[in-house]
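These numbers come from the heavy atoms of this one structure, side chains and all, not from hydrogens, waters or symmetry mates.
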There are 2 protein chains.
Amino acid sequence: MLRAAVELADAVGIDAVSMRRLAQELGVVPMALYKHVANKDQLLDGMVDVVLGEIEPADPDLDWQAAVRARVLSARRAVLRHPWARQAIESRTHRTPTVLGYMDSLAGTFRRGGFSADLTHHVMHALGNRIWGFSPELFDEPPAPDAAPPSAEEQQALAAEFAARYPHILEIAVAATGDDLSGVGAGCDEQFEFEFALDLLLDGFDRLRAQGWSSARR
Amino acid sequence: MLRAAVELADAVGIDAVSMRRLAQELGVVPMALYKHVANKDQLLDGMVDVVLGEIEPADPDLDWQAAVRARVLSARRAVLRHPWARQAIESRTHRTPTVLGYMDSLAGTFRRGGFSADLTHHVMHALGNRIWGFSPELFDEPPAPDAAPPSAEEQQALAAEFAARYPHILEIAVAATGDDLSGVGAGCDEQFEFEFALDLLLDGFDRLRAQGWSSARR
DNA sequence: GTTGACAGGTGTACGGCGTACACCTACCGT
DNA sequence: ACGGTAGGTGTACGCCGTACACCTGTCAAC
């Protein structure tokens, strides 16, 4: 049933996954689902667990940095396979055993790499959702081209207005796209951004570890 | 009306903010709201804009690092004043002018600090949601004490089970709480974690800027 | 071989949601 | 005096999660 839910979400998006719809997909009456999960929240928890189950186990032969990197990128692959997972993970407030298990295992990698429990704690916070293989998208998806695209003049006017109001964003978009600019903010290379930030953080972690950083408060 | 919506969300939480409930609060019929917003999504957008409006403007006298730090911490104060804002911001997919304006202004701070447009782009991605003053909570809120707390024995058993399954998390919790351990994961010092990660990132950014980093791809 | 527990499917119903659509009213510039 | 417009109204539809009472088949214990 969790598998069916995952497939349904893959197919129609997480918002369209309702108890009723899922039941229909399973050829069953909605209330039947409640024999397997207590409520919809628990269904979502289970679906997230399925996705997290796809994360490859840690490779014990790698040093901590490579191991964390590999693990997180594996998580990313899992999340990218299920476009709804990002939102689902963000919305979960409960920590299931699967979630805890993954976090524990990742923490273990840091510990074995010579991080104190203290520092491990803080670096995992610093990674934040990157643990799960994603970070927020700063800009929109390419704005779904619904209805007639604005005429050339309108587009011109819009672009001018945008340039005047948000010069720095424009500049960035130009730099990022090699000034073709077709559709401002038409999608960053998310994978690049993810690895950029990840490596930046791992580098910083290594520096702190090397200098024997310890939390100063209290 | 947006103000009323914000106050309502402050009072009862974002999930309890429905068009009907908000209308009731305003002494008006639900459909009346649709004269002011096109739909509920737009209402949420507007509410987020109100919160972002509370962020203090950039101080032009600070160097880039202090300026970004101050700005982001101001955003954090705004978000913490409205506990629902975090979730609301995460759920928004649309970029309102307010959102774009804030991002543009922050990008400007980097640019004036000597960052290339290219590097500015990537560091803003690296900050991710920290731009808005928050990062995901790794662990639960203290698990709302509903119903009878488990008996001492049960608690013992639970703790033992937990220790066996998640030794590293336990270790971290011990390190973080000074081993009193009343309720595992009983809340981290989120403010500390936030600033820890923020400073780590700002440090990394500075190193990249100083060495004239430029994106290598393409 | 009967029985009783239990896993799991069924049917009905309730209260809530967002919002489409047609309508009404008060005001204001002409 | 009048037409447009901003904003409030009332009704209705189709969705949602899920409480509650009920039914059915399987299987172990007696």
Contact class for A:Lys35 vs. all strands (heavy atom < 4.0 Å): base, sugar-phosphate, or nothing? base

Under-3.5 Å donor-acceptor pair between A:Arg20 side chain and D:dG17 base: yes

On the 0 to 90° scale, with breaks at 30° and 60°, tag the A:Trp64-A:Phe110 ring pair as parallel, tilted or perpendicular. tilted

Kindly say whether B:Phe194 contributes a backbone atom to a donor-acceptor pair with the side chain of B:Ser135 at under 3.5 angstrom? no

Is B:Glu25 salt-bridged to B:Arg21, going by a charged N under 4.0 Å from an acidic O? yes

Quick check on DNA chain D: between A:Ala38 and A:Ala16, whose nearest nucleotide comes earlier from the 5' end? A:Ala16

Hey, which of these two, A:Met31 or A:Val17, hits DNA chain D nearer its 5' end, going by closest nucleotide? A:Val17

Carboxylate-amine/guanidinium proximity below 4.0 Å for A:Arg92 and A:Asp41: yes

Can you tell which of C:dT19, C:dG9, C:dC17 lies closest to the side chain of B:Ser18? C:dC17

Starting the side chain at C-beta, find the nucleotide from C:dT10, D:dT9, D:dT18 nearest to A:Val29. C:dT10

Spacing of CD1 belonging to B:Ile14 relative to CZ belonging to B:Arg86, to within rounding of 0.5 Å: 14.0 Å

Report the distance from atom CG of A:Leu33 to atom P of C:dT10, rounded to the nearest whole Å. 10 Å

Which nucleotide in the set D:dG8, D:dT18, C:dT19 lies at the smallest distance from any side-chain heavy atom of B:Asn39? C:dT19

Ignoring hydrogens and geometry, is there a side-chain-to-backbone donor-acceptor pair from A:Asp10 to A:His82 under 3.5 Å? no

Rounded (10°) bend between the five-pair end axes of the helix from C:dG1-D:dC30 to C:dT30-D:dA1: 0°

Contact class for A:Val28 vs. all strands (heavy atom < 4.0 Å): base, sugar-phosphate, or nothing? sugar-phosphate

Quickly work out the B:Leu22 CG to D:dG8 P distance and round it to whole Å. 12 Å

